Amino acid sequence: MNNKPSKEEAKQELIEKFGMDNTWSFQWALRRGEIELAENWLNYIIENKENFPQYEGNWDEWLKDRQENISTYKELKANGTLEKTETKTIKSVSEEGLKRFGITDTKDFRRCLQEGKIDSAQSWFEYVQENIIYFTQYSTKKWLSDRQKELADAKNKG
């Protein structure tokens, strides 16, 4: 008999223990400066990995990205950037990206590259880098280097 909790049961367990049920809420806690809470959440998942089937498929990459998120926010807190940051929601920053560049996410970024709108893609990428504190989902070295490579490839084709 399988005693593994379902994805919904695992999420409920995280809510009860930490008030956070998924990666997005983990990233939002970091954004609010609740780094210790985010670390405790992640450590609990690591210690009870078998109870969290939602992370099984890409465990190593997912874990590396979360650890990198924590490291990034510890740096931002240590150098004072986190406290100086203007309060904006992720939604408002994404909407600003849409308004200014016609891009809200990686899918839109790639679409712009395919359509030859390299300047827009480049500008959005720079915007994300300048506002990385609001884009925790993009704050990994892998995501940044992958987008940089896609930009370079598009420029070379154009």
Side-chain angles (χ1 to χ4, degrees), residues 7 10-110 112-113 119-153 155:
K7 182 178 177 179
K11 288 174 82 170
Q12 187 58 41
E13 180 180 353
L14 291 173
I15 289 171
E16 289 170 9
K17 293 190 176 298
F18 304 99
M20 303 185 309
D21 64 341
N22 58 29
T23 303
W24 186 90
S25 57
F26 162 84
Q27 291 171 332
W28 187 240
L30 290 172
R31 170 68 189 87
R32 291 188 316 262
E34 297 175 0
I35 297 168
E36 187 176 337
L37 175 65
E39 281 185 297
N40 290 339
W41 179 86
L42 182 60
N43 288 334
Y44 184 80
I45 291 173
I46 292 168
E47 291 164 8
N48 299 280
K49 175 181 170 183
E50 68 282 352
N51 293 337
F52 297 98
Q54 63 269 44
Y55 304 119
E56 282 178 354
N58 63 341
W59 175 258
D60 291 337
E61 187 174 324
W62 179 86
L63 178 59
K64 182 179 177 228
D65 288 350
R66 300 303 68 81
Q67 290 169 329
E68 194 173 321
N69 291 147
I70 289 171
S71 177
T72 298
Y73 275 81
K74 282 183 173 181
E75 277 181 41
L76 292 170
K77 189 169 187 172
N79 70 23
T81 302
L82 189 58
E83 286 77 19
K84 294 177 195 171
T85 303
E86 180 182 343
T87 303
K88 292 183 186 179
T89 65
I90 293 169
K91 182 179 178 183
S92 70
V93 176
S94 292
E95 287 172 352
E96 185 177 339
L98 178 62
K99 183 178 164 186
R100 289 177 58 189
F101 313 109
I103 302 173
T104 60
D105 57 21
T106 306
K107 182 179 172 183
D108 288 345
F109 171 83
R110 289 181 175 143
C112 279
L113 292 176
D119 289 342
S120 290
Q122 176 76 45
S123 295
W124 180 78
F125 181 66
E126 291 168 1
Y127 172 75
V128 168
Q129 290 177 303
E130 291 165 7
N131 294 280
I132 200 70
I133 196 162
Y134 300 111
F135 293 103
T136 53
Q137 71 273 33
Y138 303 141
S139 67
T140 64
K141 290 178 179 87
K142 181 175 180 357
W143 185 91
L144 293 166
S145 67
D146 287 351
R147 299 305 76 76
Q148 189 66 50
K149 182 180 181 326
E150 290 170 358
L151 265 172
D153 289 349
K155 287 177 182 177

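Keep in mind that this is a model prediction, so the values were computed, not measured. Heavy-atom basis, side chains included; hydrogens, waters and symmetry copies ignored.
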Here the salt bridge (Lys or Arg N to Asp or Glu O under 4.0 Å) pairs for residues 63-81, sequence neighbours left out, are E39-K74
Working to the nearest 0.5 Å, report the span between [atom1] of [X] and [atom2] of [Y].
X    : Y    : atom1 : atom2 : result
L98  : T104 : CG    : OG1   : 6.0 Å
E150 : S145 : CD    : OG    : 9.5 Å
R31  : L82  : CZ    : CG    : 6.5 Å
I70  : Q27  : CD1   : CD    : 10.5 Å
I103 : S123 : CD1   : OG    : 8.0 Å

Close side-chain approach of [X] and [Y], heavy atoms under 4.5 Å:
X    : Y    : result
L42  : F18  : no
Y44  : L14  : yes
E96  : F101 : no
L144 : Q148 : no

Determine, step by step, whether L63 and I45 satisfy the side-chain contact (heavy atoms from CB on, under 4.5 Å) criterion, reporting the C-alpha distance in whole Å, the side-chain angles of both residues, the deciding distance to 0.1 Å, and the verdict.
CA-CA 10 Å; L63 178 59; I45 291 173; over 6 Å; no
Give a yes-or-no answer on whether the side chains of [X] and [Y] include a donor-acceptor pair shorter than 3.5 Å.
X    : Y    : value
K155 : Q122 : yes
W143 : T106 : yes
N69  : T72  : no

Just by distance, do the side chain of W41 and the backbone of M20 share a donor-acceptor pair under 3.5 Å?
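Yes, the answer is positive, given that a donor and an acceptor are paired below the 3.5 Å cut-off.
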State whether the side chain of S71 and the backbone N or O of Q67 hold a donor-acceptor pair below 3.5 Å, judged by distance alone.
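Flag not set: sc S71 to bb Q67 has no pair under 3.5 Å.
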Any idea which heavy atoms bring T23 and W62 closest together, and the distance?
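Heavy-atom minimum between the residues: OG1-NE1, 2.9 Å.
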Locate the shortest heavy-atom distance separating L76 from N79; write the atom from each residue and the value.
O-OD1, 3.0 Å
Using 30° and 60° as the class boundaries, would you call the ring planes of W24 and W28 parallel, tilted or perpendicular?
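Parallel.
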Would you check, one step at a time, whether the test side-chain contact (heavy atoms from CB on, under 4.5 Å) holds for L30 with I35?
CA-CA 5 Å; L30 290 172; I35 297 168; 4.0 Å; yes
Qualifying residues under salt bridge (Lys or Arg N to Asp or Glu O under 4.0 Å), relative to K149, sequence neighbours excluded:
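Partners of K149 by the salt bridge (Lys or Arg N to Asp or Glu O under 4.0 Å) criterion, ordered by chain and then number, come out as D153.
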Output field: ring centroids W124/Y138 closer than 6.0 Å
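Yes: the rings meet the under 6.0 Å criterion.
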Neighbour count above 12 (heavy atom, 6.0 Å) for E36 CD
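No - once you tally the heavy atoms of other residues, nucleotides and ligands closer than 6.0 Å, there are 12 at most.
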Determine, step by step, whether F52 and I46 satisfy the side-chain contact (heavy atoms from CB on, under 4.5 Å) criterion, reporting the C-alpha distance in whole Å, the side-chain angles of both residues, the deciding distance to 0.1 Å, and the verdict.
CA-CA 9 Å; F52 297 98; I46 292 168; over 6 Å; no
